Student: 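Quick one: this structure, given as structure tokens, is what I'll be asking you about.
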2 protein chains.
Amino acid sequence: MTLILALDFGGTKLAAAVVNAGAREWLGYDRSLSPAASNASTDLKIMRSLIKSVLQDRKPAAIGVSFGGPVNATTGTVRLSHHVCGWENIPLQQLLEQEYGVPASVDNDANVAALGEFRYGAGKSHNNLFYITVSTGVGGGWILDGKPWRGAEGMAGEIGHMVVDPTGPICLCGKRGCVERLASGPYMAEDAREELQRGGGEVIRNLVGGNLELITGKVVSEAAAQGDELAQELLERSAWGLGVGIGNVANLINPQLFVLGGSVTKAGERWWKVIHKTARKTALPEVNFEIVPAALGDDAPLWGAVALAEDLLQ
Amino acid sequence: MTLILALDFGGTKLAAAVVNAGAREWLGYDRSLSPAASNASTDLKIMRSLIKSVLQDRKPAAIGVSFGGPVNATTGTVRLSHHVCGWENIPLQQLLEQEYGVPASVDNDANVAALGEFRYGAGKSHNNLFYITVSTGVGGGWILDGKPWRGAEGMAGEIGHMVVDPTGPICLCGKRGCVERLASGPYMAEDAREELQRGGGEVIRNLVGGNLELITGKVVSEAAAQGDELAQELLERSAWGLGVGIGNVANLINPQLFVLGGSVTKAGERWWKVIHKTARKTALPEVNFEIVPAALGDDAPLWGAVALAEDLLQ
């Protein structure tokens, strides 16, 4: 059998898995949190032990890698990580090829997850799709004409920093009203904390036992489901921002399908309803598209890494 | 010599030209305004006489067509024209092929102009570009990986209806703060008229001899160049709206180049300066791009039509 090794260097977690080429069930799977004070070399060390644990002395035929940050996919060199320091210009593909003696392919997590959903997930019957992950940040990956579209310099897909409300709140990037500033989990939590300091939001307050530091995007979603008005407003603003972004993208590129993954997409029916309504209203009436949840969940990057590796074996 | 016939069905004008394949100078060129109460059949009649005048009994080897409205580029069937009635579902490619007995290729004007600038104009040294026309409306055409990108159903490129200011003025499409609503010539003129009814804008008023109906986007540009504050504000808002749109597109697709054509791009240095500044500020720092004026001017669609026809002869 031809063994494939798939690696996922996320911002907060690391995962490795092995699968037989063509198969759709993991032969081995191991994951670990990336420690708070991690850097590139500690991440690599942890990954080496995960690889050892899943390979168990077997040798893979190829390695596919999803990396949580911008990557030069042609050379497989990491540009940087926004979460873990020391990754600047690390030639990850080359490192892995030398260490394991087999070909490797590296791309950023949104592109790789898009490829995973396209080959094995929610996008299987579509040739043109945009995958959007909505969790700590908001990022996207393109499949155009059945192939990943990475842009002229590998930077395509940054829907998170599309401005949809120039009078909105300020994003870490310095602009106002980016999709990420409105839609991501941590920003929803930040806005909730700020509002709660002015009173109200009893349900949110109870869910965290009064400790506002414990508020997360998930807590906001839960409070919204329990009928908390403030939480519902925040969640609707999140969905509205992303919905405008999706409608704008539909007008601009006219893909058939949007696949949405990441923790915030588990926020419930109301969130999805606002997304659908806002995107439909923002796109021109003659521009058609569907919006569906990701099918592979948190494993989308790993399955995309499998696809990258399978392409190396063609 | 192999003769190519290029046709441009614009919203307000019609043009036909002939050129030898591979040559870059027109052998014949004729144009006509489309009458105010025109429809598809009067437009076709006028075009037939333009074709007769430029062909002078010669027979072309292929016909390329730029059409001012959405087109199914695969079949060459017009979907509709937003300016001239009666164009719904007209099989233009088929009509021309039957009438002239040679292969024809039809696409919408923004896509065709993008192809013209890519093959023969400002985009010659770039494989990935977005062409934007800013005049009566705002539209765009993609070249990705050296080929036109039309979207899953031929609707890609609609930057004009990207929302960049959800609290902005209402567009004909029903949304607030579309790029077209902020940046196009007629909307700038409409906003100027509205402001002038409240007083001010002396320079604009003088330029049209007090008849506000005569205000156009060009008049606003002229008044701005003469130092009129209201005109400068309107022009800067136009440039700001388009600049946000361009920055958003850069983040999303990461092309190397934006080529800007159409009457509003002649608005002067100040307009260009705001475009550059706003687009740069909207795009992420690590996303690179250039913004340049179209090189082929009003002939971009005709030269793009030549490229369509040359591709038929490959």
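Remember, it's a predicted structure, so these values are computed and weren't measured experimentally. Sequence lines set the chain letters: A, B, ... in the order given, protein chains first and strands last, and positions in each chain run from 1.
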Student: Check step by step if side chain to side chain contact (heavy atoms under 4.5 Å, CB included) holds for B:Leu252 and A:Leu252.
Tutor: CA-CA 10 Å; B:Leu252 199 66; A:Leu252 199 66; 3.8 Å; yes

Student: Pick one of side chain, backbone, both or neither for A:Val163, based on which atoms fall under 4.5 Å of a heavy atom in chain B.
Tutor: both

Student: Would you say the side chain of B:Leu257 lies within less than 4.5 Å of the side chain of B:Val259, judging by non-hydrogen atoms?
Tutor: yes

Student: How far apart are the C-alpha atoms of B:Leu235 and B:Val274, what are their side-chain angles, what is the distance that settles it, and do they pass the side chain to side chain contact (heavy atoms under 4.5 Å, CB included) test?
Tutor: CA-CA 9 Å; B:Leu235 205 62; B:Val274 177; over 6 Å; no

Student: Using a 4.5 Å cut-off on heavy atoms from C-beta on, say whether the side chain of A:Leu182 contacts that of A:Leu242.
Tutor: no

Student: Given side chain to side chain contact (heavy atoms under 4.5 Å, CB included), test B:Leu115 with B:Ile143 step by step and report yes or no.
Tutor: CA-CA 7 Å; B:Leu115 186 62; B:Ile143 299 290; 4.2 Å; yes

Student: To see if you've got the definition right, give the donor-acceptor pairs under 3.5 angstrom between chain B and chain A.
Tutor:
{"from": "B:Trp142", "atom 1": "NE1", "to": "A:Leu252", "atom 2": "O", "distance (Å)": "3.0"}
{"from": "B:Trp149", "atom 1": "NE1", "to": "A:Ile253", "atom 2": "O", "distance (Å)": "3.2"}
{"from": "B:Ala152", "atom 1": "N", "to": "A:Asn254", "atom 2": "O", "distance (Å)": "2.7"}
{"from": "B:Ala152", "atom 1": "N", "to": "A:Asn254", "atom 2": "OD1", "distance (Å)": "3.4"}
{"from": "B:Glu153", "atom 1": "N", "to": "A:Asn254", "atom 2": "OD1", "distance (Å)": "2.8"}
{"from": "B:Glu153", "atom 1": "OE1", "to": "A:Asn288", "atom 2": "ND2", "distance (Å)": "2.8"}
{"from": "B:Gly154", "atom 1": "N", "to": "A:Asn254", "atom 2": "OD1", "distance (Å)": "3.3"}
{"from": "B:Met155", "atom 1": "N", "to": "A:Asn254", "atom 2": "OD1", "distance (Å)": "2.9"}
{"from": "B:Gly157", "atom 1": "N", "to": "A:Leu252", "atom 2": "O", "distance (Å)": "2.8"}
{"from": "B:Glu158", "atom 1": "N", "to": "A:Asn251", "atom 2": "O", "distance (Å)": "2.9"}
{"from": "B:His161", "atom 1": "O", "to": "A:Asn251", "atom 2": "ND2", "distance (Å)": "3.0"}
{"from": "B:Val163", "atom 1": "N", "to": "A:Asn248", "atom 2": "OD1", "distance (Å)": "2.8"}
{"from": "B:Val163", "atom 1": "O", "to": "A:Asn248", "atom 2": "ND2", "distance (Å)": "3.1"}
{"from": "B:Lys175", "atom 1": "NZ", "to": "A:Thr282", "atom 2": "O", "distance (Å)": "2.4"}
{"from": "B:Asn248", "atom 1": "OD1", "to": "A:Val163", "atom 2": "N", "distance (Å)": "2.8"}
{"from": "B:Asn248", "atom 1": "ND2", "to": "A:Val163", "atom 2": "O", "distance (Å)": "3.1"}
{"from": "B:Asn251", "atom 1": "O", "to": "A:Glu158", "atom 2": "N", "distance (Å)": "2.9"}
{"from": "B:Asn251", "atom 1": "ND2", "to": "A:His161", "atom 2": "O", "distance (Å)": "3.0"}
{"from": "B:Leu252", "atom 1": "O", "to": "A:Trp142", "atom 2": "NE1", "distance (Å)": "3.0"}
{"from": "B:Leu252", "atom 1": "O", "to": "A:Gly157", "atom 2": "N", "distance (Å)": "2.7"}
{"from": "B:Ile253", "atom 1": "O", "to": "A:Trp149", "atom 2": "NE1", "distance (Å)": "3.2"}
{"from": "B:Asn254", "atom 1": "O", "to": "A:Ala152", "atom 2": "N", "distance (Å)": "2.7"}
{"from": "B:Asn254", "atom 1": "OD1", "to": "A:Ala152", "atom 2": "N", "distance (Å)": "3.4"}
{"from": "B:Asn254", "atom 1": "OD1", "to": "A:Glu153", "atom 2": "N", "distance (Å)": "2.8"}
{"from": "B:Asn254", "atom 1": "OD1", "to": "A:Gly154", "atom 2": "N", "distance (Å)": "3.2"}
{"from": "B:Asn254", "atom 1": "OD1", "to": "A:Met155", "atom 2": "N", "distance (Å)": "2.9"}
{"from": "B:Thr282", "atom 1": "O", "to": "A:Lys175", "atom 2": "NZ", "distance (Å)": "2.4"}
{"from": "B:Asn288", "atom 1": "ND2", "to": "A:Glu153", "atom 2": "OE1", "distance (Å)": "2.8"}

Student: With a 4.5 angstrom heavy-atom cut-off, is it the side chain or the backbone of A:Leu144 that approaches chain B, or both, or neither?
Tutor: both

Student: Look at A:Ala283, A:Ala250, A:Gly245, A:Gly157 and state which one has the largest set of heavy-atom pairs under 4.5 Å with chain B.
Tutor: A:Gly157

Student: With a 4.5 angstrom heavy-atom cut-off, is it the side chain or the backbone of A:Phe130 that approaches chain B, or both, or neither?
Tutor: side chain

Student: Do A:Met155 and A:Pro70 come close enough that some side-chain heavy atom pair is under 4.5 Å?
Tutor: yes

Student: Please name the pair of heavy atoms, one in A:Ala114 and one in A:Gly141, separated by the smallest distance, quoted to 0.1 Å.
Tutor: CB-O, 3.5 Å

Student: Which one of A:Leu284, A:Val249, A:Val287 has the most heavy-atom pairs closer than 4.5 Å to chain B?
Tutor: A:Leu284

Student: With B:Ala192, which residues qualify under side-chain contact (heavy atoms from CB on, under 4.5 Å), at least two apart?
Tutor: B:Ile204, B:Ile215, B:Val220, B:Leu234

